[in-house]
Q: 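Sharing a structure here in structure tokens format.
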Amino acid sequence: MLSTKSITGDGFQGDFSTDFTTEMVAGREVSGDFATDAHLTVPDMSIVVDKPNGAGDQLLHVRCLPDRKVLVDLNPGVNAIVTTDHRGRATLASCSHSHRRYTQMRSMRSLTMGILAASLLAAGVVTAAPALADGSLSVELSIGSGCVSGHKPSDQPVTVKLRRSNGQLRETKHDDTQELEWLVCFDRHIPAPGDRIQLINGSFDRTVKVPDLTLGISRVSNVIEGHAPAGKQLRWQYTRCDPGICTLQVWKTFTVPSTGRYHKDLSPASIDIDGNDAISIEYRTLGQDVFRT
């Protein structure tokens with residue numbers, strides 16, 4: 001037994017929270033003596049916050065159980081609900097409004113407990129998601145972010161080299177994790193369109209080109225437009241933000257015209273982009289690389 005906490009008082013129904021004196025580590029079990037005992041195994045979770053970009057925004061990278069809704073409790077800031085993908089990854093982008101800026105995070109122990117409570121939606125025993133076996137050596141990047149993540153086919157360390165379009169080396173980072181999901185953050189450079197990201201994992205070595213992916217939003221006419229790889233399929237995602245919480249509302253796909261420039265009216269989808277609402281664009285390659293903006 002590492003730590004015990006008790007909550008006393010009148011009977012209640014709903015949410016509760018508590019802080020343990022020991023660190024919540026993946027694989028440890030949290031048990032509760034309620035009307036019937038509940039046992040939860042702490043899943044492998046992590047949170048990385050990017051440095052602000054030129055617009056004052058920040059990106060929050062969340063790793064948790066795959067295909068789960070996760071409530072991210074920001075302090076200061078609003079709560080946000082995201083859905084992790086099949087690999088247990090999700091990315092949040094703040095807007096530049098000061099009351100929604102992702103600035104000072106709470107202690108990792110408290111934040112992890114908050115995500116644990118929200119992500120374990122099913123009753124009973126929940127175990128950590130097993131690592132993907134094999135798979136591709138791939139990259140995930142939010143355009144404008146200095147952090148790059150992805151999947152690797154072996155548990156060996158991954159080396160990530162950021163190169164200019166002419167091959168000149170800009171910066172090198174390593175992730176020694178034995179998990180198949182990796183993440184690095186460059187200190188001095190931000191990957192730009194045309195740059196190359198070289199991935200080395202054991203005998204695997206591939207280079208990925210950062211695409212020209214841009215997004216402009218007209219909140220008056222409910223139109224999004226920008227540049228993207230010609231003839232490729234994009235996914236746009238609309239997140240509604242009300243006071244205190246942001247919730248994903250809808251996502252749909254469309255094909256970029258041969259000009260490499262898209263113009264999409266969201267009004268037919270009954271979308272009304274208010275001031276605090278968020279729109280994002282995702283481009284996924286055949287090699288399972290993912291780029292977002």
Side-chain angles (χ1 to χ4, degrees), residues 48-61 85 87 89 91 93 96 134-177 179-217 224-236 254-263 280-293:
V48 174
V49 182
D50 270 357
K51 298 176 182 178
N53 60 25
D57 299 342
Q58 286 181 313
L59 293 174
L60 179 67
H61 303 279
D85 60 20
R87 293 185 291 183
R89 306 300 288 269
T91 300
S96 57
D134 299 322
S136 62
L137 180 58
S138 61
V139 63
E140 291 191 24
L141 171 67
S142 292
I143 303 298
S145 166
C147 290
V148 184
S149 61
H151 176 78
K152 55 192 177 86
S154 78
D155 59 3
Q156 298 182 55
V158 62
T159 298
V160 184
K161 297 184 178 184
L162 179 62
R163 299 182 180 275
R164 299 185 186 276
S165 58
N166 61 6
Q168 179 184 359
L169 182 64
R170 303 183 69 189
E171 193 170 346
T172 301
K173 283 293 182 178
H174 305 276
D175 189 344
D176 296 329
T177 180
E179 300 292 332
L180 299 186
E181 304 299 322
W182 58 268
L183 185 148
V184 300
C185 292
F186 295 110
D187 297 320
R188 304 185 305 275
H189 301 92
I190 293 178
D195 283 353
R196 269 62 172 174
I197 299 175
Q198 183 182 5
L199 309 174
I200 304 173
N201 173 233
S203 61
F204 298 91
D205 187 337
R206 67 183 295 254
T207 299
V208 180
K209 179 181 177 180
V210 179
D212 182 15
L213 186 64
T214 64
L215 170 64
I217 303 174
I224 59 175
E225 59 183 359
H227 292 95
K232 302 300 183 181
Q233 192 173 70
L234 297 186
R235 184 177 84 162
W236 64 267
F254 66 95
T255 300
V256 181
S258 59
T259 59
R261 183 168 184 84
Y262 65 90
H263 179 98
S280 64
I281 291 290
E282 178 181 287
Y283 165 54
R284 186 181 297 269
T285 71
L286 293 178
Q288 294 303 305
D289 304 307
V290 179
F291 299 93
R292 301 183 180 90
T293 186

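Small disclaimer: the values here were computed from a predicted structure and weren't measured. Numbers here simply count residues along the sequence, with the first being 1.
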Q: Mind checking the CZ-CG spacing from Arg292 to Leu215? Nearest 0.5 Å is all I need.
A: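 The CZ atom of Arg292 sits 14.0 Å away from the CG atom of Leu215.
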Q: Could you check whether any side-chain heavy atom of Val290 comes within less than 4.5 Å of a side-chain heavy atom of Arg235, counting everything from C-beta outward?
A: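 The answer is no; the side chains never approach within 4.5 Å.
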Q: Side chain of Asp175, backbone of Val184: donor and acceptor closer than 3.5 Å?
A: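 No; judged by distance alone, with no hydrogens or angles, the pair does not exist.
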Q: Parallel, tilted or perpendicular: which describes the rings of Tyr262 and Phe254, with under 30° parallel and over 60° perpendicular?
A: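 Taking Phe254 first and then Tyr262, their aromatic rings sit tilted (interplane angle of 30° to 60°).
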Q: For His151, which of Glu140, Glu181, Glu179 qualifies under side chain to side chain donor-acceptor pair (under 3.5 Å)?
A: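 With His151 as partner, Glu140, Glu181, Glu179 yield a single side chain to side chain donor-acceptor pair (under 3.5 Å), made by Glu181.
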Q: On a heavy-atom basis, which atom in Pro191 and which in Gly146 lie closest, and how many Å separate them?
A: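 Heavy atoms only, the tightest pair is CD-CA, 4.3 Å.
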Q: To the nearest 0.5 Å, tell me how far Arg164 CZ sits from Arg196 CZ.
A: 13.0 Å
Q: For Leu213 and Thr293, which heavy atoms make the closest approach, and how far apart are they?
A: CG-CG2, 3.9 Å
Q: Test your reading of the model: is there a side-chain donor-acceptor pair from Arg206 to the backbone of Leu137, 3.5 Å cut-off?
A: yes
Q: Which pair of heavy atoms, one from Phe291 and one from Val210, lies closest together, and at what distance?
A: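 That closest heavy-atom pairing would be CE2-CA, 4.2 Å.
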Q: Quick check against the 3.5 Å criterion: does Glu171 have a side-chain atom that pairs as donor or acceptor with the backbone of Asp187?
A: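 Here the side-chain-to-backbone pair exists.
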Q: Find out whether Phe204 and Leu199 are in side-chain contact, i.e. whether some heavy atom of one side chain is under 4.5 Å from a heavy atom of the other.
A: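 Of all side-chain heavy-atom pairs linking Leu199 with Phe204, none is under 4.5 Å.
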Q: Between Arg170 and His189, what is the shortest heavy-atom contact and its length?
A: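 So the minimum-distance heavy-atom pair works out to NH2-CD2, 3.1 Å.
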Q: Check Asp289 against Ser138 and note the closest heavy-atom contact, atom names and distance.
A: OD1-CA, 3.4 Å
Q: Carefully, step by step, assess Arg188 and Leu162 under the rule side chain to side chain contact (heavy atoms under 4.5 Å, CB included).
A: CA-CA 11 Å; Arg188 304 185 305 275; Leu162 179 62; over 6 Å; no
Q: So, taking the atom named OG in Ser142 and the one named CD1 in Ile281, what distance separates them when rounded to the nearest 0.5 Å?
A: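 Atom-to-atom, Ser142:OG and Ile281:CD1 are 12.5 Å apart.
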Q: Heavy-atom distance under 4.5 Å between the side chains of Val160 and Thr172, does that happen here?
A: no
Q: What is the minimum heavy-atom distance between His227 and Thr214, and which atoms define it?
A: N-OG1, 2.7 Å
Q: Rounded to the nearest 0.5 Å, how far apart are NZ of Lys161 and CD1 of Ile200?
A: 4.5 Å
Q: Donor-acceptor pair, distance only, cut-off 3.5 Å: does the side chain of Asn201 make one with the backbone of Gln156?
A: yes
Q: Could you measure the distance from the OG1 atom of Thr159 to the CD atom of Gln198? Nearest 0.5 Å is fine.
A: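 Here the rounded value is 9.0 Å.
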